[in-house]
Amino acid sequence: MQKMWIGWLAAVVFVAAAGWAGSQYGAWYAAALAAVIVGAVTRRGFSIVAGGLGGLLSWGLMLAWMALREPVGKAAGDVAAAIGVGIGSGAVVVVATLAVAAVLSLCGAWLGMALGQWVKVPT
Amino acid sequence: MPRHMAGKIVNTACALLCGTGITYASLHGLPGIPPLGPSLSPATGVWTLTQTQSLLPHTETLKIPGLERTASVHFGPHGTAYIHATDDRDLFFAMGYTQATFRLFQMDLERRQGEGLLSQIVGKEALSSDEFEDELGLTRTATKEWLAMKADHQARAVLEAFSAGVNARIAHDEATHHLPLMFKLLHYKPATWTPIDTLVIQGIMTQTLDYTDTPAQYAILAHSLGYARTMEFFPILPKDKQSPYDPGPYAKPTVSAVRAGASSRVNASEYQAMLSFAHQMAQVQGILHTYSDSNNWAVSGSRTASGSALMAGDPHLNQTLPSIWYQVDASAPGYHFSGVAVPGLPVILIGHNRHISWSLTDVQNQSTLLYKEETSRAHPGDYFYKGAWRPFQRIVYDIPVKGGKTVHLPVSIAAQGPVMTQHGQALAVDWMGNIPSPDLSVMLHILQAHNFAEFRSALSKWYAPTQNFVYADRKGNIGMISAGYYPLVAGGKPWLPLSGTGPDNVVGSIPYSAIPQVYDPPSGYVFSANQREVGDNYPYYIGTTYDFFANGYRADEIAHVLGASHHLTVADMERLQTTVRDYLATKIVPVLLQDEAHASLTPKEREVVQLLADWHDRMRASSPAATVWWTFWTQYVADTFGPWWSADHVPVQSDPTLAPTPALAPLDEDLQAWTLTDSTNPAFTPPLGAPRTAQQVMRLAFSQTVAALTKQLGPNPSTWKWKRVHSREFPSLANINGLGYGPRGSSGDEWTVNAADGFPISEAGPSWRFVMNWATGRGYGIYPGGQSENPASPWYEDQVPTWWDGRYHPMLTQAEARAYRAGAVWTLKPAGKG
């Protein structure tokens, strides 16, 4: 049981770290790729949740870190206005960002898991 | 198939489907939504607009490929860039680099507009604008200008250095994923900047200021009202007394003067063509200058408290966020200047160097001529010109459209210029923007001028847009030159569409020595505010009241104030720039009050009369009398001219700009003149109606005003404040709600020196206020906006409150900027050199 939790935590950290590092270089898909790997290697249902959470954390923590020093709220409002979702709807942009991060990685992990099922592991 | 196998297949298929879907949306976006992955990534997507380097510059050393020697940029309290270079070429390189840092999207948007490439990034909504620009041909003119520059041309070197600077910043932004927000939202990257892009932006300025459809509107009016009545209501010379800055005497002309003539007929097919042309203009109205408002003036030492010259200028343009202006101070071995530049241009247009200062207003002379091309089905693709059928030059433009197919647009070009419509009649346009104009070269000489002789010599090469250049210098001299191109036609009535077969062609321009200009006039002051620059006896045709001089009220107010003062100070200049005294009201309200004194009034009307009696003609936001005055004048214009428009079926449905409102300057002038000196003019009597006088129409308009305001604003006249019906708005350049400023209840109207153009919401007015004090060599300036186009930056709109309150920022010297400790400093070093 403890092993499973450690594995789960490792998967989350791996996806989040890969997402954070990749994003610095423009690889916005890095967390999703990491999640594919997690799903393919573990082939367990928990990898989907771990992948989604890792993706969410990778972008979420980045935003939180930025918010400590920079006007993220105002920027979200400006972006919301620019894309036409309405003045004062900055929260929509924040939620959309986190949702995209989570869904990308979640789908990545699911895909990895589904594909991994077709590979026979030598025993 | 085993059950678990089926489950695996379904699971894999669903995973693939979802994975493909989210990957597609992340890579390509959805309709109306940018690609989600790259756009929302916190490190490289839209969120980068919050990162420190995007918000404000910070002190750092930047190694930049393409720079020759070390240069520096100090940033002042509001982001003014103080550029110092040890090499002239590097100065313009740094200018490009700095402008692109703070205004890259604006620059890209402007060049795309001029080059007809907006649809490529925003879709078919911009297609009419792109088609218009390709037909008109700013890119064709810019290309000609570029090709005409020889390899050793000073302007060529400046354009190349500026472009290299812009491209260095684009490369930096791309490498660091810090392209401005809108590139990310619209999901495209800026193309390499070229000298032609800069020349296209120069062309945009000419188009904005000087491209008009007035000949078509004259034709529409003549078809409806009849030619004689059209010329009575929209005469060549104004009916009211105005204040030209160059009252003469004038040299004898080299060509015979144009006369209005007795009649002119517009047939049905021509009328259709004119409506089509006017409709085309309505489609692109937002990119043309629909108001004629800018001010500038200079005062010699004889009229100032200091004994040195003072100069002031405030160009009135569309007010947007970001602003059309970027403030900069530049120093290099060959140049020392300070002022405002249009992003995309390597020089300031308004400002000062160490010896002289200058500012601009639009001359407003007629620079757009329409030609009716004779075509025949028997000669497809040809037009009849100078006795023979000749082929139109034909160019096919490809307009890429985001989300759609590329549009192929064939453009026909006649001898006079491009054909803008073929509905009913082929109409070609000859306008000054199609003539290469060495503006950059002229401005480089002005930047280096020491005195009026050098200033005047430089301006002799300026063609377009025609501008009133006001001048003042350190030695106390003042002057004004209305530099540019004044087309002279061989025949015909140039305010109407002309024959395209040859006899009405442009045969030259008014000689430079004969264009409006003054130097150190005995009055001790010069001024322009888009009024007709010359008196009625000026021997050349330069345009009509409708094409398209201002009605002169701002000029009258400026002349009134300057002419009455002998100890003028900087504060007086600032007060005059921000005054909201309505000159027309000072003339008409006393007449109205006199008439109403003899009328039988309701108690409420008496209350409103008292408001006007206590008023001092100021269009202040808190003034109820201002509301009464504007509503009254609007109603008076409508009551006088409306019956003629209705009876003669002027097509205001097709072209709303033809409606009889105060926006039609000639109607204001007519009505002012008739009210003051000809109250029984037949125009007051409606067609087939009982005779009326000015007094009767005023009475009617006044009671309608009181009734309308009661209905709109409530029963208490003291609450009818101007700000309840009139406001200013500075929309975002990309037309995004929420990234603009306002609307906010505001003072001013179209005729106040502090102009607010447009009613009820004004989106144009003083885009930059500048005062130069030659007693100290100090300039003062302010524009409504901020130095950065990033909406999250503290420099996005930080200067709006100061502008709104009528205050100014001192323009610091380079030494003062270097001493400003809180400001960031860029040290720009050539890449690869220590």
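Chain identifiers are assigned alphabetically (A, B, ...) following the order of the sequence lines, protein sequences preceding nucleic acid strands; residue numbering begins at 1 within each chain.
Using the six-membered ring where Trp is involved, B:F75 and B:W826 have ring planes that are perpendicular, over 60° apart on the 30 and 60° scheme. In this pair, B:Y24 and B:H28 present their aromatic rings tilted. The plane angle is within the 30 to 60° band.
Note on B:L185, B:I736, B:N735: by heavy-atom pairs under 4.5 Å with chain A, the leading option is B:I736. Comparing A:A114, A:G108, A:A75 by how many heavy-atom pairs each has under 4.5 Å with chain B, the most go to A:A114. Ranked by heavy-atom pairs under 4.5 Å with chain B, the first of A:P71, A:C107, A:A82 is A:A82. Your options are A:L106, A:T97, A:L111, and the one with the most heavy-atom pairs under 4.5 Å with chain B is A:T97. Among B:A25, B:A792, B:G21, B:G19, the residue making the largest number of heavy-atom pairs under 4.5 Å with chain A is B:A792. Annotation: maximal heavy-atom pairing with chain B below 4.5 Å, among A:W59, A:Y29, A:Y25, occurs at A:W59. Looking only at heavy-atom pairs under 4.5 Å with chain B, the residue among A:L104, A:V103, A:I83 that has the most is A:L104.
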Test B:H177 against B:L179 for side-chain contact (heavy atoms from CB on, under 4.5 Å), laying out the working first.
CA-CA 6 Å; B:H177 304 287; B:L179 281 172; over 6 Å; no
Please step through ring pair (Phe, Tyr, Trp, His ring centres under 6.0 Å) for the pair B:Y741 and B:W803, ending with a clear verdict.
CA-CA 13 Å; B:Y741 183 90; B:W803 178 93; 9.0 Å; no
side-chain contact (heavy atoms from CB on, under 4.5 Å) for B:K124 and B:K402? Distances and angles first, verdict last.
CA-CA 7 Å; B:K124 63 181 189 301; B:K402 186 178 185 178; over 6 Å; no
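For A:V100, the part lying under 4.5 angstrom from a heavy atom of chain B is the side chain only. Neither the backbone nor the side chain of A:A67 has a heavy atom closer than 4.5 Å to any heavy atom of chain B. For chain B, the nearby parts of A:V93 are the backbone and the side chain; heavy atoms of each come within less than 4.5 Å. Using a 4.5 Å cut-off between heavy atoms, B:L40 touches chain A through backbone and side chain atoms alike. Residue B:L16 touches chain A through both its backbone and its side chain, counting heavy-atom pairs closer than 4.5 Å.
Residues A:W118 and B:T12 have side chains that bring a donor and an acceptor to within less than 3.5 angstrom of each other. Using modelled atom types, one finds no donor on one side chain facing an acceptor on the other under 3.5 Å when comparing A:K74 with B:T50.
Two residues are said to be in side-chain contact when any heavy atoms from C-beta on lie closer than 4.5 Å; B:C18 and A:W110 meet this criterion.
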